[in-house]
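Atoms within a ligand are numbered from 1 in the order they appear, just like the ligands themselves. Heavy atoms only: backbone and side chains are in, while hydrogens, waters and symmetry mates are out.
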Amino acid sequence: MDGTFAKQKGADAPFYLAQGDEVALFEAAAAQDLPVLLKGPTGCGKTRFVAHMAARLNRPLYTVACHDDLSAADLIGRYLLKGGETVWVDGPLTRAVREGAICYLDEVVEARKDVTVVLHPLTDDRRILPIDRTGEELHAAPGFMLVASYNPGYQNILKTLKPSTRQRFVAMEFDFPKPEAETRIVAEESGLSEAKVAPLVRLAGKLRALKGQDLEEGVSTRLVVYAATLIAGGMDIERAISAAMIEPLTDEADIKRGLHDLVTAIY
Ligand code: ADP
């Protein structure tokens with residue numbers, strides 16, 4: 001179970017370039033004990049934002065990457081056999097509730113349905129977590145905050161958040177940073193100069209324009225950072241772009257050729 005989540009504690013705030021008033025909004029929600037939902041495409045900075053905010057607010061952070069096999073027990077905890085004895089082991093959500101930490105459920109719609117049931121009593125003013133297996137009913141410690149993210153772009157009708165769940169959160173919309181901001185972010189993250197990052201960001205803009213036509217998803221800021229990091233490490237520009245900004249987007253040879261043409265038009 002420990003492999004499914006990560007804990008951040010007392011870290012220096014990781015670099016995060018704000019796009020708007022999201023820092024103030026998150027701080028206000030945190031001060032009022034309100035849960036927050038971050039909507040936006042993959043790789044646009046949601047996870048980094050939460051890590052930054054947790055450090056700023058000086059709260060521990062449990063990050064859980066949700067997947068289609070993740071169940072309520074993975075979040076709450078379970079009895080495990082240890083040295084011949086059965087012991088109860090708290091899951092990341094229970095730990096966050098006890099410690100007054102932020103619990104971040106990344107891509108929450110991926111998780112199994114029983115997870116949303118657990119979240120409901122935690123997201124209203126009761127702030128309780130019933131643990132059926134131990135008979136406990138935990139009241140969230142001060143500082144506990146539930147944050148979830150999801151990507152509304154995936155056109156999967158089975159995997160959207162039900163209104164009864166989403167209407168329990170203050171929601172914030174994220175998108176890829178504007179070109180100037182993305183250039184700063186990628187330069188900061190990769191160590192490549194802004195002058196060399198700028199054409200990568202222009203290319204990213206062109207690739208994103210193809211979303212819904214040739215590409216299911218546009219290129220993420222994460223991938224632009226990868227390309228810039230490879231170039232900063234000495235890789236040939238075209239090779240780096242191919243590996244980090246084209247191959248991850250599609251398997252279709254025709255589409256790849258079209259994308260390479262976009263690269264040639266920019267460089
Ligand atoms: P998401 O959680 O939305 O899938 P991440 O938060 O993991 O995406 O972002 C991917 C990468 O993009 C980060 O590791 C970071 O390098 C970079 N990034 C994106 N937006 C920002 C931002 N506003 N400030 C700093 N880094 C950012």
Original post:
Quick one: does Cys44 get a heavy atom under 4.0 Å from ligand 1?
Top reply: yes
Subject >> ligand 1 versus Gln19: contacting region, heavy-atom distance under 4.0 Å >> reply: side chain
**OP:** May I ask you to identify, for Arg48, whether its side chain, its backbone, both or neither come under 4.0 Å of ligand 1 on a heavy-atom basis?
**Re:** both
**OP:** For Ser220, check side chain to side chain contact (heavy atoms under 4.5 Å, CB included) against everything at least two apart and list the hits.
**Re:** Phe176, Arg222, Leu223
**OP:** May I ask which of Ala51, Pro14, Ser190, Gly45 has a heavy atom nearer to atom 19 (C) of ligand 1 than the others do?
**Re:** Gly45
Subject >> Candidate with minimal heavy-atom separation from atom 18 (N) of ligand 1, of Val186, Ile185, Asp175, Val225 >> reply: Ile185
**OP:** Pull out every atom of ligand 1 sitting under 4.0 Å from any heavy atom of Phe15, numbered as shown with elements.
**Re:** 25 (C)
**OP:** Number the atoms of ligand 1 from 1 as they appear, then name those within less than 4.0 Å of a heavy atom of Thr47, with their elements.
**Re:** 1 (P), 2 (O), 6 (O), 7 (O)
**OP:** Identify which one of Tyr16, Tyr104, Phe49 satisfies the ring pair (Phe, Tyr, Trp, His ring centres under 6.0 Å) criterion when paired with Phe26.
**Re:** Phe49
Original post:
Minimum heavy-atom separation for Glu110 to Cys66, with atom names?
Top reply: CB-O, 3.7 Å
**OP:** Not counting sequence neighbours, list each pair that qualifies as a side-chain hydrogen bond (donor to acceptor under 3.5 Å, both in side chains) and has a residue in residues 184-194.
**Re:** Arg48-Glu189
**OP:** Classify the side-chain pair Glu136/Thr134 by whether it contains a donor and acceptor separated by less than 3.5 Å.
**Re:** yes
**OP:** Taking atom types as modelled, find out whether Gln8 and Tyr62 have a side-chain donor-acceptor pair closer than 3.5 angstrom.
**Re:** no
